[in-house]
Amino acid sequence: MSSTPSGSTPSPRPTRLLTQNREMRAIGVWNWSLPAWAGRLPDGRSYNTCPSAGVCRQVCYARHGTYTWPVVRAKHQANLAFVLDDLPGWEDAMTTELGAAKFRGAWIRIHDSGDFFSDAYTFAWLRIICARPEVNFYAYTKEVARFRALVEPQAPENLLWVYSYGGIHDSALDPEHDRVADVFPDEEAITEAGWHSQEANDLLAVLGPRLVGIPANRIPHYLKRLDGRTFRSWQAEVDAERHERLHGRRPPLRLLTNDRPQVTEEDQDRSVAEQRDRAA
């Protein structure tokens, strides 16, 4: 993130930080949103609120539709500018707003768009969460390394999260132990994989079964890019291609299908060698 240009006028601060859309209102959830992925604020500063984004940025729902409307984009950019210009002031404002009676027992989705883009910002959220134990918080995140280091060791009891595939840290995720979410082409693909859809209620991402399936948005050009893959398999293809460019050969893919590892070429070669040794 770049700092405020010298001599520039600070962006106006939003008077209300948390919002609800119709879908979230129906399940008692409030949203905190930042601009999705990378861009530039009106004062010229560049930003990246999703530093660990991978293939997801190519089909991000928050870079389409209502999120691109000028009034919505301006609101999200004002939220980010407040964080960047005055993190302590933003933390105080968020803590104060969450003290209202309507938030007692409610759920806050941290980042309808955006992510935990820095250590300082993540620590600020942890302090807010601890200061409001009567409020429930949850988040999807691709900031796996940051959460492993800063959140997992002493996670607040009122914070739940799910790691989502499609980021640059996918290889660090273990679906045998981590709560993980993956985007699938449709509901049928989720069922066939043995995962569990959160389509009926977004809170199922953190309150339902550990393997969370998300049906892809029905945006034609996004579906074309997805090409029948999940975010996880798509990211694995990209990572393998990058590895091949850097090292001259592809690493063995070890994706799970219905939680069962695929047999790689290395596994097959090793099996043949063992059989040859036993025969000798």
Side-chain angles (χ1 to χ4, degrees), residues 17-20 23-24 27-34 36-37 48-54 56-57 60-62 79 83 91 94-95 98 103 105-184 190 195-214 230-232 235:
L17 301 177
L18 299 166
T19 60
Q20 275 186 318
E23 179 182 350
M24 291 304 188
I27 59 174
V29 173
W30 295 77
N31 296 319
W32 161 252
S33 299
L34 297 174
W37 194 45
N48 185 341
T49 62
C50 303
S52 294
C56 63
R57 69 182 184 272
C60 177
Y61 68 91
N79 286 346
V83 171
E91 181 180 332
M94 181 65 79
T95 303
L98 285 166
F103 294 117
W107 285 88
I108 309 299
R109 176 172 169 174
I110 306 174
H111 304 133
D112 180 46
S113 58
D115 208 337
F116 297 91
F117 60 81
S118 73
D119 288 359
Y121 175 62
T122 304
F123 278 128
W125 262 117
L126 290 174
R127 291 190 294 269
I128 292 167
I129 293 166
C130 290
R132 293 298 180 203
E134 71 281 5
V135 182
N136 303 299
F137 299 84
Y138 77 105
Y140 296 79
T141 185
K142 291 180 173 64
E143 291 299 322
V144 181
R146 182 167 284 125
F147 261 57
R148 297 274 200 238
L150 305 184
V151 180
E152 288 191 11
Q154 289 186 301
E157 293 184 0
N158 56 328
L159 169 64
L160 299 176
W161 68 90
V162 54
Y163 291 120
S164 51
Y165 280 109
I168 61 175
H169 298 302
D170 276 13
S171 62
L173 294 175
D174 181 0
E176 293 287 343
H177 300 96
D178 294 317
R179 174 174 287 274
V180 290
D182 197 0
V183 172
F184 288 77
I190 295 173
W195 289 44
H196 305 271
S197 175
Q198 51 67 269
E199 182 70 2
N201 186 326
D202 194 56
L203 286 171
L204 291 173
V206 291
L207 299 178
R210 182 172 42 79
L211 301 179
V212 181
I214 304 172
T230 66
F231 274 16
R232 185 186 182 192
Q235 186 66 52

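Just the heavy atoms: all of them, side chains too, but no hydrogens, waters or symmetry mates, feed the values below.
For P153 against F147, the heavy-atom pair with the smallest separation is CD-O, 4.3 Å. When all heavy atoms are compared, the tightest approach of D112 to S33 is CB-OG, 3.1 Å. Across all their heavy atoms, G105 and N136 have their closest contact at O-ND2, 3.4 Å. Residues K142 and C56 share a closest heavy-atom pair of CE-SG, 3.4 Å.
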List the atom pairs, donor and acceptor, that lie under 3.5 Å between side-chain atoms in residues 197-209 and the rest of the protein, sequence neighbours left out.
from: S197; atom 1: OG; to: E187; atom 2: OE1; distance (Å): 3.2
from: S197; atom 1: OG; to: E187; atom 2: OE2; distance (Å): 3.0
from: S197; atom 1: OG; to: E199; atom 2: N; distance (Å): 3.0
from: Q198; atom 1: NE2; to: Y140; atom 2: OH; distance (Å): 3.2
from: Q198; atom 1: NE2; to: D202; atom 2: OD1; distance (Å): 2.9
from: N201; atom 1: OD1; to: L203; atom 2: N; distance (Å): 2.9
from: D202; atom 1: OD1; to: Y140; atom 2: OH; distance (Å): 2.6
from: D202; atom 1: OD2; to: R109; atom 2: NH1; distance (Å): 3.2
from: D202; atom 1: OD2; to: Y138; atom 2: OH; distance (Å): 2.5

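Between the CG atom of L18 and the CE atom of M94 there is a distance of 4.5 Å, given to the nearest 0.5 Å. Taking CH2 of W32 as the start and CD1 of I108 as the end, the distance is 12.0 Å to the nearest 0.5 Å. The line from CD of E143 to NE2 of H169 is 6.0 Å long, rounded to the nearest 0.5 Å. Taking CD1 from I190 and OG1 from T230, the interatomic distance works out to 10.5 Å, rounded to the nearest 0.5 Å. Expressed to the nearest 0.5 Å, how far OG1 of T122 lies from CZ of R127 amounts to 10.5 Å. Of the inter-residue distances, the one linking F123 atom CZ with S118 atom OG reads 10.0 Å to the nearest 0.5 angstrom.
Aromatic ring pairs are classed by plane angle as parallel below 30°, tilted from 30° to 60° and perpendicular above 60°; the pair H111 and Y121 is tilted.
P156 is not listed as a side-chain neighbour of W125, based on a closest heavy-atom distance of 4.5 Å or more. For the pair C50/R57, no side-chain contact is recorded, criterion being any heavy-atom separation below 4.5 Å from C-beta on. With a 4.5 Å cut-off on side-chain heavy atoms, F137 and L98 count as touching. Looking only at side-chain heavy atoms (C-beta outward), F117 and N48 stay at 4.5 Å or farther from each other. You'll find the side chain of Q235 stays beyond 4.5 Å of the side chain of S171, heavy atoms only. Using a 4.5 Å cut-off on side-chain heavy atoms (C-beta onward), F116 and I110 make contact.
Looking at E91, its side chain never comes within 3.5 Å of a backbone N or O of I128 through a donor-acceptor pair. The closest donor-acceptor contact from the side chain of N158 to the backbone of I129 lies under 3.5 Å. Using a distance-only test at 3.5 Å, with no hydrogens or angles considered, a donor-acceptor pair links the side chain of D182 to the main chain of R232. A donor-acceptor pair is defined here as one N or O able to donate and one able to accept, closer than 3.5 Å; no such pair exists between the side chain of R179 and the backbone of W161.
A salt bridge (Lys or Arg N to Asp or Glu O under 4.0 Å) check over residues 113-123, counting only residues at least two apart or in different chains, returns the pairs D119-R146.
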Full working for side chain to side chain contact (heavy atoms under 4.5 Å, CB included) between W195 and V180: CA-CA 10 Å; W195 289 44; V180 290; 3.8 Å; yes

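Every residue two or more places apart in sequence or in another chain that forms a side-chain contact (heavy atoms from CB on, under 4.5 Å) with E23 is listed here: N21. Qualifying side-chain contact (heavy atoms from CB on, under 4.5 Å) partners for R148, counting only residues two or more places apart in sequence or in other chains: V144, E152, Y163, L173, D178. Under the rule for a side-chain contact (heavy atoms from CB on, under 4.5 Å), A149 has no partner lying at least two apart in sequence or in another chain. With sequence neighbours left out, A36 forms a side-chain contact (heavy atoms from CB on, under 4.5 Å) with C60, A62, R63, S113.
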